[in-house]
Amino acid sequence: MLFSRACDPMKNASKKYNIVTFGCQMNKADSERMAGVLENMGYEAAEDPNLADLVLYNTCTIRDNAEQKVYSYLGRQAKRKHQQPDLTLVVAGCVAQQEGEQLLRRVPELDLVMGPQHANRLEDLLQQVFDGSQVVATEPIHIVEDITKPRRDSSVTAWVNIIYGCNERCSYCVVPNVRGTEQSRTPEAIKGEMEELGRQGYKEITLLGQNIDAYGRDLPGSTPEGRHQHTLTDLLYHVHDVPGVDRLRFATSHPRYFTERLIKACKELPKVCEHFHIPFQSGDNEVLKAMKRGYTHEKYRRIVKTIREYMPDASISADAIVGFPGETEEQFENTLKLVKDIEFDLINTAAYSPRPGTPAALWDNQLSEAVKSDRLQRLNRLVSVCAEARSQRYLGREEEILVEAQNTKDIHQVMGRTRGNRLTFFPGNLEELKGKTIRVKITEIRPFSLTGEVM
Ligand code: SAH
Ligand code: SF4
Ligand code: F3S
């Protein structure tokens with residue numbers, strides 16, 4: 001019989017899985033939950049995908065190069081399946097959602113294609129595969145609360161999803177197509193997961209959402225003033241005192257919905273770190289309008305100013321896109337100007353990539369690859385200069401570093417982060433320091449990282 005593997009934990013006892021994750025923190029969090037499901041089914045982790053009985057690609061389609069990477073990885077495993085027919089091949093995540101059935105036509109060796117909303121259903125879906133079907137799960141569903149424990153990569157820091165999906169329609173972006181409409185988890189479910197993390201010894205939790213400021217607007221309940229009862233700000237107060245957890249972060253913030261109430265809460269709540277990730281995408285109002293972002297660069301500047309009034313040393317990071325259709329040299333320079341003026345700690349930059357199913361991909365004012373890559377290089381140079389200038393303020397200062405791991409380049413050093421999220425290395429023994437918050441004097445700076453010594 002061709003499909004004889006039952007989904008019986010005993011039978012899977014010696015089976016190995018490997019998950020390769022592309023893309024953003026949502027995907028990383030989903031991968032950890034899917035790994036938890038597989039381990040619950042009796043699978044063990046394999047370092048090398050070529051030694052695994054089940055290979056799962058959790059994919060990203062935010063830009064064309066992210067998508068193409070998936071196909072080249074998949075090709076290799078599809079070949080292996082010809083020698084090893086009982087290899088189970090799964091494509092999850094955003095390419096799976098975008099391509100659906102088409103992916104099976106392109107790579108017929110696949111057993112399962114599953115969109116991000118189906119991550120918690122992995123066991124169910126695999127059962128159908130083991131029963132002999134090739135399965136595509138991309139229909140929109142209500143995301144069920146997870147019953148198995150995620151297998152987290154770190155034992156110090158953890159992600160907790162608070163809202164799935166995105167209801168914005170930025171004209172360049174595939175996320176609403178592939179992640180579906182917003183679905184907030186209840187404050188009780190979120191707090192429950194965080195309490196469990198606290199008990200397990202996790203010290204830092206990052207609350208996640210594509211547009212985290214939208215949290216709660218799909219949940220029932222409003223205040224007498226007509227405000228949603230469950231905003232991100234309310235949630236921060238609700239979960240702040242979870243025992244064991246020392247630091248809280250959240251991402252990603254949308255300038256359109258970012259409130260002063262939230263800023264006040266961050267100032268008031270000691271565990272919430274002074275770091276804000278607020279993508280601006282462009283520094284030009286015309287481009288922002290064409291992107292359908294719903295704010296101006298003036299509004300963005302006001303947000304940052306307000307944050308710094310409350311917390312003068314707060315770190316600000318962002319995402320930016322260059323070469324959006326129709327972007328003139330002058331409009332691009334407005335982005336450079338914003339970057340110079342704000343003094344960001346870090347910016348993730350990207351050249352615009354036309355994505356299937358998004359309005360901007362169909363416009364006839366696309367820029368050439370040469371112009372896009374020239375602008376990207378110019379922006380990156382500036383970002384690095386600004387980041388180094390921002391790092392400068394740390395020199396000689398005492399910082400609290402939460403130790404996460406070894407410095408991969410120097411086994412005598414450990415790695416952690418400042419409250420402002422700057423990567424920091426210092427001499428020390430991981431076994432002794434892991435999960436501890438250590439006071440470190442910063443002795444050396446680089447644009448994106450610091451070195452220090454224990455006080
Ligand atoms: N929800 C977040 C961003 C999610 S996508 C927000 O609203 O800002 C992560 C980043 O990828 C975006 O901030 C954007 O800078 C980039 N990105 C999204 N679509 C893109 C595209 N078509 N081309 C280039 N970069 C893109
Ligand atoms: Fe994409 Fe805009 Fe939603 Fe961010 S807010 S995920 S950029 S559509
Ligand atoms: Fe990529 Fe999907 Fe995240 S497209 S950036 S993995 S939401």
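Read the numbers this way: they start at 1 and go in the same order the structure lists the ligands and their atoms. Residue numbers count from 1 along this sequence.
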Distance only, no hydrogens: is a donor on one side chain within 3.5 Å (strictly under) of an acceptor on the other, for S31 and N58? yes
Could you verify whether a donor N or O on one side chain and an acceptor N or O on the other, from T296 and N285, lie under 3.5 Å apart? no
If you leave out waters, which protein N, O or S atoms are less than 2.8 Å from atom 2 (Fe) of ligand 3? C94 SG
Would you indicate whether the side-chain heavy atoms of [Y] and [X] approach each other to under 4.5 Å?
X	Y	answer
T424	E399	no
D313	E274	no
Q97	N177	no
E404	T157	yes
R355	Y172	no
V129	L125	no

Do any protein N, O or S atoms sit under 2.8 Å from atom 3 (Fe) of ligand 2, and which ones are they? C166 SG
Cation-pi check, R293 to Y300: give yes when NZ or CZ is under 6.0 Å from the six-membered ring centre and within 45° of the ring axis, no otherwise. no
Decide whether the shortest distance between a heavy atom of Q25 and an atom of ligand 3 is less than 4.0 Å. no
Taking the six-membered ring for Trp, are F22 and Y73 ring centroids under 6.0 Å apart? yes
State yes or no: are the ring centers of Y295 and F258 separated by less than 6.0 Å? no
Could you pull out all residues at least two apart from D30 that satisfy salt bridge (charged side-chain N to carboxylate O under 4.0 Å, His left out)? R33, R179
Report the relative orientation of the aromatic rings in F324 and W363; use parallel for angles under 30°, tilted for 30 to 60°, perpendicular for over 60°. perpendicular
Quick one: sort the H277 and H275 rings into parallel, tilted or perpendicular, breaks at 30° and 60°. tilted
For atom 4 (Fe) of ligand 2, the closest protein heavy atom turns out to be R293 NH1, 4.2 Å
Please state which part of R179 comes within less than 4.0 Å of ligand 2, counting heavy atoms only: side chain, backbone, both or neither. neither
Rounding to 0.5 Å, atoms CG (L346) and CD1 (I316) come to a distance of 12.0 Å
Out of all atoms in ligand 2, which are within 4.0 Å of some heavy atom of Y172? Include the element for each. 7 (S)
Show the distances, to 0.1 Å, for all pairs joining an N/O atom of ligand 1 and a protein N/O atom that are shorter than 3.5 Å, listing one pair per line.
residue	atom	partner	partner atom	Å
ligand 1	1 (N)	Q210	O	2.6
ligand 1	1 (N)	Q210	OE1	3.0
ligand 1	7 (O)	R293	NH1	3.1
ligand 1	8 (O)	Q281	NE2	3.1
ligand 1	13 (O)	Q281	NE2	2.7
ligand 1	13 (O)	D319	OD2	2.6
ligand 1	15 (O)	Q281	OE1	2.8
ligand 1	22 (N)	Y172	O	3.0
ligand 1	22 (N)	S353	O	2.8
ligand 1	23 (N)	S353	N	3.0
ligand 1	25 (N)	R63	NH1	3.1

